[in-house]
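Basis for what follows: all heavy atoms, side chains included, without hydrogens, waters or symmetry-related copies.
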2 protein chains.
Amino acid sequence: MRRARRAGAAGGASLDDAREVMRRCDVLAGISSMDGGIERVYLSPEHARANAQVAEWMGAAGMRPWQDAAGNARGSYPGATPDAPVLLLGSHLDTVPDAGRYDGILGVMIAIAVVRRLHANGVRLPFALEVLGFADEEGVRFGRTLLGSCAVAGTWDPAWLDLEDADGVTMREALAAFGLDPDAVGEAALDPATLVGYLEAHIEQGPLLLDAGHPLGVVSGIMGAKRFDLTMEGAAGHAGGVPMRHRRDALLGAAQTALAVERVALARGVVGTVGQMTVGPGAANVIPGRADFSLDVRAATDADRDKAWEEIRAHAVEAAGERRLAFTERLRHEARATSSERRLSEAVEAGVTAATGDAEPMELLSKAGHDAMAIASLTPYAMLFVRNGNGGVSHHPDEVVSVEDVALAIDAFEAAVLAAAQRVQDGLSA
Amino acid sequence: MRRARRAGAAGGASLDDAREVMRRCDVLAGISSMDGGIERVYLSPEHARANAQVAEWMGAAGMRPWQDAAGNARGSYPGATPDAPVLLLGSHLDTVPDAGRYDGILGVMIAIAVVRRLHANGVRLPFALEVLGFADEEGVRFGRTLLGSCAVAGTWDPAWLDLEDADGVTMREALAAFGLDPDAVGEAALDPATLVGYLEAHIEQGPLLLDAGHPLGVVSGIMGAKRFDLTMEGAAGHAGGVPMRHRRDALLGAAQTALAVERVALARGVVGTVGQMTVGPGAANVIPGRADFSLDVRAATDADRDKAWEEIRAHAVEAAGERRLAFTERLRHEARATSSERRLSEAVEAGVTAATGDAEPMELLSKAGHDAMAIASLTPYAMLFVRNGNGGVSHHPDEVVSVEDVALAIDAFEAAVLAAAQRVQDGLSA
C-alpha cells in the first residue's frame with residue numbers, strides 16, 4: 001500500500017469536497033423540529049428523516065448503509081480481505097435545542113467524504129471502515145447522554161427504557177414508535193475483538209485553535225464530567241408582605257450557588273455551568289419557595305472534577321444554611337476522564353501534518369464530551385478537532401467553520417486513516 | 001340607632017360565625033384547577049363555580065346576589081331608605097397558583113358574615129351595603145393585577161382585552177367564553193357620588209401582628225409597587241468547550257441582579273423580589289444565553305420605591321457590563337402608594353377596640369397590594385388586617401388564621417360598619 005496521496009495543501013478538489021460537506025450540514029440543518037432553528041432529538045420523526053438522508057449519502061459513497069438496533073445510522077465499507085478488522089469513524093447526528101449545524105454532524109460528513117474518496121480511487125485498506133452517525137449524544141430527549149454510542153459500546157442499560165421525555169413518553173414507547181424493538185437495542189453492540197479503533201472528527205466547542213491560529217488540532221483526551229440536579233427549598237410567601245429578613249427565598253440560594261460555581265471554576269481551572277433553572281411557584285408577586293437547577297462540572301482529571309464539586313457543594317450548603325433552605329443534590333450523569341490512544345493519535349497527528357504541513361500539530365484536551373468517551377470502553381480512540389470560526393460558539397446557531405478548514409480536515413482525516421492503515425500494514429496494529 | 005351590640009369579647013356566637021367562615025374558606029379551597037392545591041384564576045370554570053357558591057351564601061345572608069359585567073360576585077343589602085348611599089365591603093376570590101385559602105377569600109367571607117348578622121337582627125343602616133367578591137386581584141392569568149376592582153373603580157382599560165394568557169387565549173376570548181360581553185366590562189363601574197366608602201378585611205401577608213401579639217390591625221395605607229420584566233442576553237455555548245473567561249452567561253448576570261435586589265432592599269428598608277426566572281436554551285450542558293426574570297419592588301412612598309429601583313438597575317447594568325450582556329427592562333405594572341381615609345380608619349379602629357378591648361389598636365402599612373388600591377380612585381377606603389398565624393406565610397398552602405382571630409375580626413368588622421353608620425348618622429359622612 002502506498003503511504004497515501006498527499007490530499008492536503010487544500011487543492012481545488014479538497015475545497016469541492018468541503019463545499020459538499022458544508023452543503024450536507026445545511027441539508028441536515030433543515031431537518032428540524034424547531035421553527036427557525038435546529039433541533040433534532042432521539043427517536044423523533046426528524047431523526048428518521050436524517051438517517052434516511054445520511055443512508056443515501058453513505059450509499060453514494062460506496063458503503064452499505066443500514067440502521068442498527070439503537071437507531072444509529074451506519075455504513076460499512078469492506079476491507080481488502082473479508083476477515084479484515086474494522087476501523088470505526090463517526091460522530092453524532094442529534095442536536096441540542098436551537099443548535100448549530102456542525103456539532104457532531106460535521107464529523108459524520110467528513111467521515112463519509114473520506115470514504116467517498118477512497119471508494120472513488122478504488123482503495124481497499126487492511127481494515128474495513130464503518131461510519132457511525134450516532135443517534136443520541138446530546139441526551140436532550142431523555143436526559144441521558146451518549147445513548148447511541150453506549151449501545152454500540154455494549155454499555156446500554158435496559159433500565160434506560162423507563163426514562164421519560166418531557167411529554168411522559170418512555171424510551172421504550174419511543175423506540176417502538178420509531179419501529180425498533182426496545183428489548184433488542186443491545187444488539188447494536190460491537191465485538192471489541194473485531195475492531196482496530198475509533199476515529200472522530202469534531203468541531204472544537206471552544207476557542208483554543210482559533211486563538212492559537214491553528215485550523216486543526218489533535219485531541220489528547222476528554223475531560224471527566226459530572227452533572228447534577230440540585231434543588232433549594234425554602235418557603236413561598238407574599239412578595240410584599242414578608243419582610244426581607246423573614247424570607248427563605250430559594251432562588252437567592254440558587255443564585256449564590258451559581259455564582260459560586262463560577263468562582264470555584266476560575267480558581268481551580270475547571271469548568272462549571274448552571275444551564276437550567278426553574279423557580280416555583282413562579283409568579284412575580286410570590287417569593288420563590290423552590291429552585292431547581294442543573295450543574296455541569298468538568299476537569300482534566302476525575303480527581304480535579306470531584307474536588308471542584310466538593311467545594312461548590314460546600315458553598316451551596318453554606319448558602320442554604322444562611323437562608324434556612326433545604327439543599328438536595330442528585331447525580332444525573334457521570335463520565336470518567338478518558339485518554340486518546342497513543343498510536344491512533346499519532347496517526348491523526350500524521351494526518352494533520354500531511355494536510356497542513358505543520359510538523360507539530362497542536363494538542364488539546366477536550367472539555368466537551370464526545371461519543372469517543374463511550375466508545376473508549378469498547379476500543380481505543382483518537383480525535384481530530386476542527387477550528388471553530390466564531391470564538392468557540394457551539395450549541396448555538398452562530399456556530400461556524402470555514403470551508404478552507406473543512407477542506408484541510410477532510411485531507412487530514414483521510415491521511416489519518418491511511419496512516420493508521422500503514423501502521424496496521426506494518427504490523428503495529430493499534 | 002344604637003351604638004351597636006358589643007359583639008366583641010369573642011362570645012360563643014362569634015366563634016360559631018367564625019367556624020362557618022373557616023368552613024366556607026375550605027369549601028372555596030376545594031374549587032381549584034390544581035390537583036392537591038389551590039389555584040383559581042380569572043374567567044376559569046373554577047371562577048364561575050366560586051361565584052355561584054358565593055351567590056348562594058350572599059342570598060342566605062339576606063342579599064340580592066348578582067354577577068357584574070367584569071365577572072365580580074356582588075351582593076346588595078338595602079339601606080334604611082331607597083336612596084341611601086352605599087358602603088362597599090369586599091376583597092377578592094381569585095388566587096395565585098398553589099395558594100393559601102385565606103388571602104382575599106377571608107375578607108369576602110367576613111363581609112358576608114357581617115351582613116348575615118345585620119340581616120338576622122333586622123338591622124337597616126343609613127347606607128346600603130354591597131359586598132364585592134372581586135374576580136381578579138392577583139393577575140395570574142393575564143399578568144395584569146386588580147382587574148376586578150379596576151372595573152368597579154371605572155379604570156378598566158379596553159386595551160387589556162388583547163392581553164393573552166399562557167395558552168394564547170386573549171382576555172376578550174376568555175370573557176366571551178365565560179358568558180360576558182367583552183365590550184361591556186366598563187358597565188361594572190360604580191358612580192362615586194353614590195358611595196360612602198370601601199372597607200376591606202384581609203389576612204396580613206406578613207408577620208407584624210403575630211410578632212407584636214395583636215389579633216387585628218388597622219391599615220394606614222398601601223405601599224407603592226412597581227413590577228418589571230427584566231432580561232439579560234448573552235451568548236449560549238457549550239458548557240464544556242467555552243472557557244470560563246470567554247463566557248457571556250446570562251444566568252450569572254441575572255443571579256447577581258437578584259442578589260443585588262436583596263442587598264438594596266435591606267439597605268433601604270424596602271421590599272424587592274425576583275419571583276420568576278426562566279433560562280434559555282435551558283439544557284444542562286449549554287451555557288445560558290438568555291435569562292428572563294421579574295422584579296417586584298415596594299416601598300412606603302413612590303419616591304422610596306423609585307430610588308430603590310434606580311439602585312437595583314444600576315447594579316444590573318454593572319453586572320451586564322462586566323459580563324458583556326445586554327440588559328433590558330420593561331415596566332409591567334405600577335401602583336401608586338395610597339393612604340386609607342382618616343374617618344373610615346377611625347371606624348375600623350373603633351371596631352377593633354370594640355372587639356378586642358384594645359384602646360390603641362396597632363396600625364400597619366401594607367406592603368402587599370389590595371383591591372383597596374384600585375378602589376381608592378373611586379371612593380375612600382379603610383382596611384382591617386387579621387393576624388397571620390404562620391409567621392406571615394401567604395401565597396402558600398401553609399397560610400393560616402385561627403378561628404379565635406376570625407371571630408374577633410367578624411366582631412370588629414361589624415362594629416366598624418356600625419361605627420361608620422353612626423358617623424353617617426351624626427352627619428359626618430366620609
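With a 4.5 angstrom heavy-atom cutoff, B:M223 does not touch chain A via any of its atoms. Residue A:V270 touches chain B through its backbone alone, counting heavy-atom pairs closer than 4.5 Å. Of the atoms belonging to B:D211, it is side-chain heavy atoms, and not backbone ones, that fall under 4.5 Å from chain A. Proximity to chain A is absent for every atom of B:E399, based on heavy atoms less than 4.5 angstrom apart. Both the backbone and the side chain of B:S394 have a heavy atom closer than 4.5 Å to some heavy atom of chain A. Heavy atoms closer than 4.5 Å to chain A are found nowhere in B:V140, neither backbone nor side chain. A:L252 touches chain B through backbone and side chain together, each having a heavy atom under 4.5 Å away. For a residue to count as touching a neighbouring chain, one of its non-hydrogen atoms must lie under 4.5 Å from one of that chain's; by this rule B:N285 touches chain A with backbone and side chain alike. For B:V96, the part sitting under 4.5 Å from any heavy atom of chain A is the side chain, from C-beta outward, and nothing else.
With sequence neighbours excluded, the residues that form a side chain to side chain contact (heavy atoms under 4.5 Å, CB included) with B:A212 are B:H214, B:M362.
Looking at A:R247, its side chain does come within 3.5 Å of a backbone N or O of A:A239 through a donor-acceptor pair.
Counting heavy-atom pairs closer than 4.5 Å to chain B, the top residue among A:G392, A:A236, A:P281 is A:A236. If you tally non-hydrogen atom pairs under 4.5 Å between each of A:G391, A:A368, A:G240, A:A250 and chain B, the highest count goes to A:G240. With chain B as the partner, the residue from A:G269, A:G275, A:A265 showing the most heavy-atom pairs under 4.5 Å is A:G275. Between chain B and the residues A:P397, A:A283, A:G280, the largest count of heavy-atom pairs under 4.5 Å involves A:A283.
The two residues B:G206 and B:N388 have their closest heavy-atom pair at O-CB, 3.6 Å. Here the closest heavy-atom approach between residue A:P243 and residue B:P207 is recorded as CD-CD, 3.2 Å. Shown here for A:D296 and B:A284, the closest heavy-atom pair between the two residues is CB-O, 3.5 Å. Minimum heavy-atom separation, A:E204 to A:L210: OE1-N, 4.5 Å.
Side chain to side chain, B:E39 and B:S32 fail the donor-acceptor criterion of an N or O pair below 3.5 Å. Of the N and O atoms on the side chains of A:D371 and A:H202, not one donor lies less than 3.5 Å from an acceptor on the other residue. Using a 3.5 Å distance cut-off with no hydrogens or angles, the side chains of B:D103 and A:H238 do not pair a donor with an acceptor. For the residue pair A:H396 / A:D98, no side-chain donor-acceptor distance below 3.5 Å is found, with atom types taken as modelled.
Of all residues in residues 253-263 of chain A, those placing a non-hydrogen atom less than 4.5 angstrom from a non-hydrogen atom of chain B are A:A255, A:Q256, A:A258, A:L259, A:E262.
A salt bridge links B:R332 and B:D229; the closest N-O separation between the charged side-chain nitrogens and carboxylate oxygens is under 4.0 Å.
Ring geometry for B:F385 against B:H370 counts as perpendicular: the plane angle is over 60°, on a 0 to 90° scale with 30° as the lower cut.
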